[in-house]
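The structure under discussion appears below in the form of structure tokens.
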Number of protein chains: 2
Amino acid sequence: MINSTTSNSSTTETAVTCTNCNLDNLCIPKGLPRSEIGELALLVNRNNIRQKGEAIYHTGSPFRGIIALRSGSAKLLSFDQNGNELVVDFILPGELLGFDGLSSQTHNCTAIALETVNYCHLPAYKIEILAINTPGLSQVLLQRSCNQFDAQVQKMMLNRRSAEERVACFILHISDRLRIRGYSELEFRLSMSREEIGNYLGIAHETVSRIIHLLQARKLITVKSKQLKILNKKELFSFHTT
Amino acid sequence: MINSTTSNSSTTETAVTCTNCNLDNLCIPKGLPRSEIGELALLVNRNNIRQKGEAIYHTGSPFRGIIALRSGSAKLLSFDQNGNELVVDFILPGELLGFDGLSSQTHNCTAIALETVNYCHLPAYKIEILAINTPGLSQVLLQRSCNQFDAQVQKMMLNRRSAEERVACFILHISDRLRIRGYSELEFRLSMSREEIGNYLGIAHETVSRIIHLLQARKLITVKSKQLKILNKKELFSFHTT
DNA sequence: CGTTCACTTGACCCCACTCAATCCTAGTGG
DNA sequence: CCACTAGGATTGAGTGGGGTCAAGTGAACG
């Protein structure tokens with residue numbers, strides 16, 4: 001129930017469309033008139049699966065379209081000249097990815113599944129078809145793309161803060177995104193490693209460990225390996241204002 | 001000549017359009033078919049002026065459209081809870097801004113002129129008109145928006161590097177953007193203060209000073225107040241690979 | 001049951017921050 | 001034309017947050 005992937009991969013393929021998907025008010029269709037969603041639904045490839053560690057797309061591969069995660073989570077990576085990974089973002093269910101390839105028609109990021117993922121795929125050439133038949137869609141995509149810009153600004157803000165504030169904000173940010181998607185906001189699983197969190201936040205993984213330890217000592221959270229529970233959201237949130 | 005703002009603010013207003021503007025292959029029209037540029041040209045407000053220090057738009061103000069700088073430069077700011085400035089980006093001639101307001105229809109950044117600027121303005125409601133009549137434009141805007149995403153990834157990379165590398169890369173990045181716009185890539189004016197550079201790069205302004213001093217001592221650049229000359233681009237560039 | 005990899009914890013050290021003093025430079029007014 | 005001023009830029013001294021390195025612990029998996 002908590003997982004949005006429910007059956008339908010068998011006989012009645014056409015039964016699941018954007019119109020009745022439980023992500024319909026989060027995913028691409030959000031903000032589109034009902035009539036246009038129908039048109040969108042016909043163009044989307046559903047039920048694509050990737051196992052943990054597998055790539056959804058690679059840096060350098062041609063842009064093949066926009067992807068919407070239905071379940072599972074992923075990380076978006078970039079690489080520097082020496083081949084060092086940079087974790088650009090984490091993607092949670094109901095969120096979109098693929099924008100990193102739209103401009104140049106070639107992906108400059110790699111998307112890797114952090115656990116088994118099920119995703120829908122809106123092929124690139126169909127975006128152009130939709131742009132003509134369904135003007136609303138271009139607007140929606142443009143909005144989503146700009147949304148990512150807003151998120152980047154928040155990310156830049158974090159880079160001014162201490163390691164402690166970064167980790168606290170990171171936890172709250174994940175919590176918030178899960179809440180919007182209808183999951184528990186106070187208890188969830190961090191599907192990424194300490195290493196990946198540190199990379200994303202721009203701090204060493206040892207520091208992530210130390211700070212998680214610290215937050216536990218202060219009774220703000222409890223952590224058992226990857227399972228996390230927020231005990232005192234209010235005080236955790238105070239890092240925002242500090 | 002080096003300045004793209006040339007006369008025409010007087011009688012023959014209609015003489016300057018997107019079709020004959022010297023920025024036409026950099027600005028919004030880039031990538032649009034000739035016919036569609038004509039349509040775009042009719043909808044754009046030209047010759048808007050702001051003096052140094054004046055705002056082009058404010059955080060919280062309603063989104064009024066996409067802006068293309070014709071001459072001068074600007075900084076894009078965001079503010080944290082305590083009202084501290086965060087320099088999100090610098091905008092050079094021929095570059096676009098305003099995407100920070102597209103998603104929510106309200107700007108979450110403030111754009112301030114760093115020197116006298118002249119800009120064109122594509123009003124928001126006309127973007128929707130264009131989306132219907134000129135499907136190519138939506139695509140172009142979407143591409144530009146995603147371009148900014150790519151730039152953000154580069155910015156994140158910089159945050160992993162030492163202060164020295166950040167300053168070196170900053171100089172090269174400005175140089176490169178000016179080159180594309182047809183200005184000298186080896187000698188130019190930094191229109192922003194050390195404080196603003198430091199804020200942008202996530203380092204103290206004293207550190208910016210110290211490193212500029214260092215780069216001069218190594219004969220890689222010379223700096224006289226805001227005037228900068230690159231002496232050894234190759235070695236300066238080696239910071240990229242380090 | 002052993003191997004491997006993620007995570008934790010400790011010790012040490014360095015880069016860049018902060019604070020503070022001084023030096024420039026552009027702008028202003030006499 | 002020069003003196004004065006204010007804000008930017010530079011330079012120095014001292015310090016601490018978080019990085020690195022290294023060792024130890026735990027948990028997952030074949």
Side-chain angles (χ1 to χ4, degrees), chain A residues 51-53 73 75 80 82 84-87 90 112 114-116 158-171 189-218 221-228 239 242, chain B residues 51-53 75 80 82 84-87 90 112 114-116 157-171 189-218 221-228 239 242:
Chain A
Q51 299 300 326
K52 177 176 178 174
S73 55
K75 62 175 174 179
D80 67 13
N82 310 318
N84 299 318
E85 270 187 28
L86 173 75
V87 176
F90 296 111
I112 307 272
L114 288 172
E115 53 198 331
T116 306
L158 260 198
N159 275 313
R160 299 292 111 98
R161 322 281 283 263
S162 71
E164 198 172 317
E165 293 169 317
R166 295 187 200 192
V167 173
C169 288
F170 173 73
I171 292 170
R189 215 181 81 86
L190 292 171
S191 54
M192 65 295 285
S193 70
R194 301 286 188 271
E195 179 90 47
E196 288 160 339
I197 295 174
N199 186 316
Y200 175 70
L201 293 176
I203 56 184
H205 69 276
E206 295 95 327
T207 307
V208 177
S209 263
R210 276 184 259 267
I211 286 169
I212 286 179
H213 181 83
L214 190 75
L215 294 177
Q216 277 186 285
R218 293 204 204 140
I221 60 173
T222 54
V223 180
K224 260 195 221 126
S225 88
K226 293 194 174 304
Q227 201 64 27
L228 189 147
F239 284 106
T242 311
Chain B
Q51 299 301 326
K52 177 177 179 173
K75 61 176 174 178
D80 67 13
N82 310 317
N84 299 317
E85 271 188 27
L86 173 76
V87 176
F90 296 111
I112 307 271
L114 288 172
E115 51 199 333
T116 305
M157 292 279 187
L158 260 198
N159 275 313
R160 298 294 109 98
R161 323 280 284 263
S162 71
E164 198 171 316
E165 292 170 317
R166 294 187 202 193
V167 174
C169 288
F170 173 74
I171 292 171
R189 218 181 80 86
L190 292 171
S191 54
M192 65 295 284
S193 69
R194 302 285 188 270
E195 178 90 47
E196 288 160 340
I197 295 174
N199 186 317
Y200 175 70
L201 293 177
I203 57 184
H205 70 276
E206 294 96 328
T207 307
V208 176
S209 263
R210 275 185 258 266
I211 286 168
I212 285 179
H213 181 82
L214 191 74
L215 295 178
Q216 277 186 285
R218 293 204 204 141
I221 60 173
T222 54
V223 180
K224 261 196 222 126
S225 87
K226 293 193 176 301
Q227 202 63 29
L228 189 147
F239 284 106
T242 311

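Per chain, numbering begins at 1; letters A, B, ... match sequence-line order.
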Distances under 3.5 Å only, N/O to N/O: pair up the protein atoms with those of nucleotides 25-28 of chain D.
none

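Nucleotide dG17(D) holds its P atom 18 Å from the CG atom of N159(A), rounded to whole Å. We find that CD1 of I211(B) is positioned 14 Å from C1' of dT10(D), with the value rounded to whole Å. Atom pair N84(A):CG and dG19(D):C1' shows a separation of 15 Å (rounding to whole Å applied). Separating the CZ atom of R160(B) from the C1' atom of dG19(D) is a distance of 13 Å, rounded to the nearest angstrom. Taking atom CG of residue L214(B) and atom C1' of nucleotide dA9(D), one finds them 17 Å apart after rounding to whole Å. Nucleotide dT10(D) holds its P atom 12 Å from the CG atom of L215(B), rounded to whole Å. Atom CD1 of I212(B) and atom P of dG8(D) are 15 Å apart (whole Å). Taking atom CD of residue E165(A) and atom P of nucleotide dG17(D), one finds them 12 Å apart after rounding to whole Å.
For T116(A), the side-chain hydrogen bond (donor to acceptor under 3.5 Å, both in side chains) partners at least two apart in sequence or on another chain are Q51(A). In this structure S191(A) satisfies the side-chain hydrogen bond (donor to acceptor under 3.5 Å, both in side chains) test together with S73(A), sequence neighbours excluded. Qualifying side-chain contact (heavy atoms from CB on, under 4.5 Å) partners for K226(B), counting only residues two or more places apart in sequence or in other chains: R189(B), S193(B). Under the side-chain hydrogen bond (donor to acceptor under 3.5 Å, both in side chains) criterion, S162(B) pairs with E165(B), sequence neighbours left out. Considering only residues two or more places apart in sequence or on other chains, Q227(A) meets the side-chain hydrogen bond (donor to acceptor under 3.5 Å, both in side chains) condition with none of them.
Note on K224(B): nothing from the nucleic acid sits closer than 4.0 angstrom, heavy atoms only.
Of all the residues in residues 200-210 of chain A, H205(A), E206(A), S209(A), R210(A) reach under 4.0 Å from DNA chain C with at least one non-hydrogen atom. Within residues 189-196 of chain A, no residue has any heavy atom under 4.0 Å from DNA chain D.
Boundaries of the chain A contact region on DNA chain C are dC7(C) to dA11(C), first to last in 5' to 3' order (nucleotide atom under 4.0 Å from a heavy atom).
For the atom pair CG of L114(B) and CE of M192(B), the computed distance is 6.0 Å after rounding to the nearest 0.5 Å. Here the CG-CE distance, from N159(B) to M157(B), works out to 11.5 Å after rounding to the nearest 0.5 Å. Rounding to the nearest 0.5 Å places CZ of F170(B) at 12.5 Å from CD1 of I211(B). In this structure, CD1 in I212(A) is found 7.0 Å from CG in L228(A), a value given to the nearest 0.5 Å.
Recorded end-axis angle for the helix from dC1(C)-dG30(D) to dG30(C)-dC1(D) stands at 40°, based on five pairs per end and rounded to 10 degrees.
You'll find the side chain of I197(B) stays beyond 4.5 Å of the side chain of H205(B), heavy atoms only. V167(B) is listed as a side-chain neighbour of I203(B), based on a closest heavy-atom distance under 4.5 Å.
Looking at every heavy atom in both residues, T207(A) comes nearest to A163(A) through CG2-CB, 3.8 Å.
Within the 3.5 Å criterion, the main-chain N or O of N82(A) finds a donor-acceptor partner in the side chain of D80(A). Using a distance-only test at 3.5 Å, with no hydrogens or angles considered, a donor-acceptor pair links the side chain of R166(A) to the main chain of L201(A). N199(A) places a side-chain N or O within 3.5 Å of a backbone atom of E85(A) that can act as its donor or acceptor partner.
Applying the salt bridge (charged side-chain N to carboxylate O under 4.0 Å, His left out) test to pairs two or more places apart or on separate chains, those with a residue in residues 195-218 of chain B are K75(B)-E196(B), E164(B)-R218(B).
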